[in-house]
Each structure stands twice: as C-alpha cells, then as structure tokens.
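Structure record follows, encoded as structure tokens.
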4 protein chains.
Amino acid sequence: MKKDKPKYKMIIDAAVVVIAENGYHHAQVSKIAKQAGVADGTIYLYFKNKEDILISLFEEKMGQFVQSIRTRMSDKTDAIDQLKILVDSHFNMLAEDHHLAIVTQLELRQSNKDIRLRINKVLKEYLVLVDEVLQNGVDNGVLSEDLDIRLARQMVFGTIDEVATSWVINDQKYSITDLAPGVHTLLVKGLRK
Amino acid sequence: MKKDKPKYKMIIDAAVVVIAENGYHHAQVSKIAKQAGVADGTIYLYFKNKEDILISLFEEKMGQFVQSIRTRMSDKTDAIDQLKILVDSHFNMLAEDHHLAIVTQLELRQSNKDIRLRINKVLKEYLVLVDEVLQNGVDNGVLSEDLDIRLARQMVFGTIDEVATSWVINDQKYSITDLAPGVHTLLVKGLRK
Amino acid sequence: MKKDKPKYKMIIDAAVVVIAENGYHHAQVSKIAKQAGVADGTIYLYFKNKEDILISLFEEKMGQFVQSIRTRMSDKTDAIDQLKILVDSHFNMLAEDHHLAIVTQLELRQSNKDIRLRINKVLKEYLVLVDEVLQNGVDNGVLSEDLDIRLARQMVFGTIDEVATSWVINDQKYSITDLAPGVHTLLVKGLRK
Amino acid sequence: MKKDKPKYKMIIDAAVVVIAENGYHHAQVSKIAKQAGVADGTIYLYFKNKEDILISLFEEKMGQFVQSIRTRMSDKTDAIDQLKILVDSHFNMLAEDHHLAIVTQLELRQSNKDIRLRINKVLKEYLVLVDEVLQNGVDNGVLSEDLDIRLARQMVFGTIDEVATSWVINDQKYSITDLAPGVHTLLVKGLRK
DNA sequence: TATGAATGAGACTTCATTCAT
DNA sequence: GATGAATGAAGTCTCATTCAT
C-alpha cells in the first residue's frame, strides 16, 4: 500500500507546508518535491497528479480527524456533551497545526470546482457525524423535536467554519480554543428544546 | 463616469454569465468580451485588467445589495424583524440571479489572495450591518445582554453562507427562499434573551 | 500643402517631446495626440501612419539643419574652416534642443529597419555635404591627396555622432559646444596633408 | 554552470541567426526555440526571460572578443601596433560572422533602454581597452602629449563603428577587412604626436 | 525506485488604425 | 475637417507531466 510508505506522508506534509507558506496558486509541484526532499518525478510514483495530492492531503488529515472525534465522543450519550467535544476538537485540531489551518480554511478553497467536489465528499463524513449528534439529541428529547436537521447542521458547521476562517484571516492572533465554550453555548441555545 | 456607461454593466453581466457557466478558471477575457458583444480590447477601456472586472463585479452587485437591505430595514426598529429582512433579502438576492449565486458562492472564492482581500473589503460593509443589527438588539433588550457580538455575527453570517453554498452545490434544486423562516427562527432562538 | 498647416508642425513637435520624455517604445500615438492637443484620429489626417510621423520628424528637423549649415558655410572656401562650421553647427543644434538631441541620438535608433533605412536617406544629404567639404579640401590641396573620401567621411560623421551620443547618454551634463574645437582639431589632424 | 551546457550556446547561436534573418522585432521566442531545436519552455531553463537572451548573447560574443584582443595585443608595447590589432580584430570578428554583424550593428540597437544599458556595461570593457591603449601611447610619447583621451576614444570607437555599420547597411558587399589599414592610418595620423 | 531535464499548450493585454458622427 | 470609441491581432512565459537514464 502506497499510503503506508514513508514518502507518501512526507509529500503530503510537504504540500501542507508549501501551500501554507506560498499560497495555493504558488504551490508548484516542484516546490513540494523540493520541500519533501524528493525529485519532481517521484511525486508521480505516489500520486496520480497534482489534484490527487490535494485530495489525498484532505482525506488523510480530515479522515483521521473524524475518527478521533468519534473516539472521544464514544463515552458520551448526551448530544449537548457530544457537541462540546465536536467544537473543542475542531478548534483544537486547527490550533495544533497552524499550517494545516491555513491550508484547510483558506488555500484549499481556491481550488477548482472538481477538487472542491471531491473534498466535499470527505467533508461529508464530518457532516454525517454532526447529523448523528443532532438526531441523537432530538431522539432523546434534548433538542427541539421540530428541529430541521439539515438546517441545524448547516448552522453548526457554518458557524464553526466561519469562526475558524476569521481566526485564520486574522493571522491566528487570538486563541481559538478559548472561543469554544462561547460557540458551544450559542449553538446549543439555538438548538435546545 | 465609466460606471454609468451601458457597456460597463454589459461587461459585468457578461462576466457573471461566463464565470457561472465555465467556472472561474475558464472564464477568459475573450469569452467575456464575446458574451458582452464587444471586442476584447473594449474590455480594457472600462476595466484596468481582468482582476478589476471581478472586483468591480462584486462591488457592483454586493454594494447595491447592502444598500437595498438598509433601505428595507429602515422602518423596522426591532432587531428580530431586522434579522428577518436580512435573511430574506440575502436568500432572495441569490434566488433571483442563479448565475450570480454560483459566482459569489463558489467561483469567486477561487480567486487569488489579492482579489479576495478586495472582495473582503466589500463584504465588511455587510458584516458591519449585521453587527449594527445585533448591537441594536442588545441595546434594546431583545437579545442576550451578554452576547459576544463578534461570535454572534460569525454565527449569523456563517449559517446564512453555509445554507446558501449548500443550496448552490446542490444545483439550486430546492427553493432557498423557503428556508428563510427556518433559518431566522434558528438564529433568533440562539441569540434571543 | 499639409506640411504648411499649423497642426502638421504641432504634431511633429509633440512627437519630439513625447518620444524624448517617454522613450521610443512608450510613445503611443494617443500620447502624441494628447500632447499636440488634437484627437487621435486627427493625426491620420496629416500622416499616413505612425512611421510617417517619425520619418517626417527627421526630415523636417534634419532637412532644415543641412540647409542652415550650407548657408553658414557659403562664405568659406577653405575645407578646414568649413569643417569647423560643420562641427560647431552640429553640436549647436543638439545643444539648442535637448529633446531633439535625445530623440535623434538615442530614441529614433530603436526604430525598426524600415524606418532606419528611410531615415538614412535623409541623413544622406548630410553625408553628401561632408563629402563635398572633404573633396574640396583634397582638390585645393588642403587635405591629403590620397584621402579615401568615404573612409574620411565615416571618420568625421562617426566621431561627431559618437561624441554627441556620449553627451546625451551622460544626460547632457557638460557643454557639448565646448567640445567642438577639440573635435575639430582631432579630425583635421587626421585628414590634413 | 548553465553557460557551459551545450544548449546554452545553441540557443544563443539560434538567437543570432533568427534576429539577423527576421529583424529584432520579429524574433519571437518560439522562432528562436525552433531554430535551436528545443521546445519554447526549454529556453526558460537557461534564460530568465527574452531580454536575458539578448544580453547574454552580447556578453557571450563581446566578452570573448575583448579577451581575444587583449591576448593578441599582449606581445605589443607600441600603441600604434596595438591600435592596428584592435581595428583588425574588430573588423575580422564582424567579417567572420555575418549574422552576428547584423545583430550587433543594427538589430540590437533597437532594443529598449534597459537592455541597452546592460549592453553598454559590456561595451564599457571595450572602451576601457581603447583608453588603455591611448594612455599607453601618450605615456610612451608615441601619441600627442595633450591628447584628450575621452575625445580620442570617441573618435576611435565612433569611426570603427560607423565604418562597420555602413558596411552592414550596404549588405556587406565589400570586404571590411580590407578597410582596416586605411582606417588605422587615418586614426593614427589624427592621434600621433 | 528515483531522477530532473525537457516539453508545449494556453491566455492576458497593448496600441495602431478605423469610421460613424 | 475633427473626433474618440471601438477594434482585434499577436507574443511571452508558466508549470504540470513525461520518460530516458
């Protein structure tokens, strides 16, 4: 499996750094290769093309992110608590890797429609997780019984994403993790019974 | 004033159509010129360069949008009512021009940093408007007195934007204007005292 | 006759100023028109095309220059004296119109081969004049009887032109007219019997 | 070192041919690439941009020219002899490569100010060499003790350059090398004590 | 596996010239 | 005669991808 070879991860990590530091449109394959310490051609032994690097990057980073949230949620049954873990985890992930934060919140959004559609597929897992939490809340009578799950999920994700993007645009000047309680409170108030 | 000449608007409208139909990266100046029914060179009598078309497009469309919301809000004093107008107007604007919806929600976000910075300046006016509404609500005791205006604004804008983007990504299959009441209710519940 | 109409001369003078101040490659027809105080299209009522402006410019300025030297030479019979007038006049002409000096010594030389060939035709009158002076000197025994007139003319013109060009390149910092006696002495020594 | 790779020289030689045959303004990069037998993009592996080709062309050809004159002069101490080598070498170089003669005497002079400034830097080495020869002549009492070195150098260079340019304009119809003795004699007579 | 030199398609912009008014 | 808005051809350079070594 190519994904397990060390160079696969090296190239993805190099891509994160190069995109974060140079911006999406100046992240040439040759720069990523140089950062990864391999030849340009080597990239193509591990990735089909440049798009494939970006999509893999997102899959790799986002995939493990959803997994880790699920794990941390596993001992909570209350939707409110689960939502807290969700917000905390999301902000923590961004705070832990500033380069990745820039890449996911700003740079990757400049990619073309095709890539964004593929990225959205990965994102879907995250949105499904949000839906599950919300449905759980409704089922257990914690959240409004007449909650429109889809709208509610768009509020949850839209809010978290907008808070995150603003934080990155403002050069990550303040602590985003400190904002988690406030965001959680605000969301819960809107969703609660 | 160039902005008042008919060709200025013709070119901007042509740009909206071409970008929506071909995607940002395949919207060549020559295509825009053809769509507008003018020669390539004519574009440059009205715009400094290609970037200038995109920025002007956003300024032209978004600028009048903020103005029109302010006008429609003018006889409302209640923040809840004002928020209703905001959500309604935002969704209406997108629903009225499907091409424009694609351009603002998807395509223009692929532009480079310079353009996005200029676009953000225009967007700022919108965010200031949201802040004013929220502050008004707090001052008049309609909204939570301990509301964090910045977070609240990010929830309002993040939610509206996410709902809009999802609608566009799903090919505008359903009526976005029908979602306005639900979104408004959800937001107000989270913000209210 | 178009050449006698005031706008004809206005456009040529405007061209000299615009080329001197902006450089040959940035001297657009529209700039020349603006400087001349006429519309772009008006240029084409007096000149066939842009090349025609440049060639006419040279003809106009250089033609009257050769005439004026001939006039001033008319009472001299000695080739040495005539050469003195030639050098003096040439340098004086350049010193009197700094814009014209830049145009003839630097900018017009960037024109393409076709224009330069046409310019050379005008220049030929000047070279014929030099030839006449030299031939006169040889005939009257003032200059070497075995002088190769063509080579001698190339030395005379080449030297004067190089001195002039160096002066312009050095921003006309020093007085070029002060150099006339030295140049004359140097040339005469090489040519004299 | 890029300059030592075969393609570097191939591209420069191709540029000489293309510029000589098509003229400066019709020497597109694609033509040069085709003549050199490489892809357009390959040009940019060896040169920063089109200007860089032209400047490198001049540096490469002119640089080695000054070196070769210095070498050939090394066993001469008499300024008169040195001047003979200078004139001979200069004309020989032009006679040996008709394409290069066209490029240096006519086409490269159409380049814009930036390129000409860079070219002049290379030319300066040549002028310094002339100055050294002249100063040597004055110091050793061979040339006039009151010689204005700058004027004298301008005469030497201006004459050689004008003879060369005339020869190229006249389609190199006659032998320029045959003119060397006459030019040398003429110059020396003007400079000698 | 790994390399990296070579490829070549594709688009923005300028500006001389025209022509309807 | 005079205007000036409109035209449209044409060329440099980038960078993802390949393939001989």
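Numbered from 1 within each chain, the chains take letters A, B, ... in sequence-line order. In this text, all values refer to a predicted model and were calculated from it rather than measured experimentally.
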* Would you say E:dT3 has OP1 or OP2 under 4.0 Å from some side-chain N or O of A:Thr42? -> yes
* **Lys/Arg-Asp/Glu bridge criterion (N-O < 4.0 Å) met for A:Glu51, A:Arg118** => no
* **Side-chain N,O (C:Lys5) to OP1/OP2 (F:dG1) below 4.0 Å** => yes
* To do: Quickly work out the C:Ile32 CD1 to F:dG4 P distance and round it to whole Å.
  => 17 Å
* To do: Please report, rounded to the nearest Å, how far the P atom of F:dC13 is from the CG atom of D:Asn49.
  => 5 Å
* Structure fact -> Rounded to whole Å, CG of B:Asp52 lies from P of E:dC12 at a distance of 14 Å
* Any side-chain N or O of A:Tyr46 less than 4.0 Å from the OP1 or OP2 oxygen of E:dA2? -> yes
* **Value in whole Å for how far the C1' atom of F:dT14 lies from NE2 of B:His25** => 15 Å
* Asked: Is it true that B:Lys31 and B:Asp40 have a side-chain N and a carboxylate O under 4.0 angstrom from each other?
  -> no
* Asked: Can you tell me if the side-chain N/O atoms of A:Lys7 get under 4.0 Å from OP1 or OP2 in E:dA2?
  -> yes
* Out of F:dT17, E:dT13, F:dT14, which nucleotide sits closest to the side chain of B:Tyr44? -> E:dT13
* Between E:dA16 (P) and C:Lys50 (NZ): distance, integer Å -> 4 Å
* Pair assignment for F:dT14, Watson-Crick or G-U wobble, requiring both distances under 3.5 Å -> E:dA9
* Complementary nucleotide for E:dC19 - Watson-Crick or wobble, under 3.5 Å -> F:dG4
* What's the closest nucleotide to the D:Asp40 side chain, out of E:dA5, F:dA9, F:dC13? -> F:dC13
* When the nearest nucleotide of DNA chain E is assigned to B:Ser30 and to D:Gly41 on a heavy-atom basis, which residue is associated with the more 5' position? -> D:Gly41
* **NZ/NE/NH1/NH2 to OD/OE distance under 4.0 Å, A:Arg109 and A:Asp161** => yes
* From the options E:dT1, E:dA9, E:dA16, select the nucleotide whose nearest atom is closest to the side chain of C:Gln28. => E:dA16
* Asked: Got a salt bridge between A:Glu60 and A:Lys9, using NZ or NE/NH1/NH2 to carboxylate O under 4.0 Å?
  -> yes
* Structure fact -> With the side chain defined as heavy atoms from C-beta on, A:Ala39 is closest, among E:dG4, E:dA6, F:dA16, to E:dG4
* D:Phe47 CZ to F:dC13 C1', straight-line distance once rounded to whole Å -> 15 Å
* Asked: Are A:Arg116 and B:Leu106 side-chain neighbours, meaning at least one heavy-atom pair lies under 4.5 Å?
  -> yes
* How many Å lie between NZ on D:Lys34 and P on F:dG11, as a whole number? -> 13 Å
* Asked: Which part of the nucleic acid, if any, lies within contact of D:Val29, taking any heavy atom under 4.0 Å across all strands shown: a base, the sugar-phosphate backbone alone, or nothing?
  -> sugar-phosphate
* Whole Å only: how far is the NE2 atom of C:His26 from the P atom of E:dA16? -> 11 Å
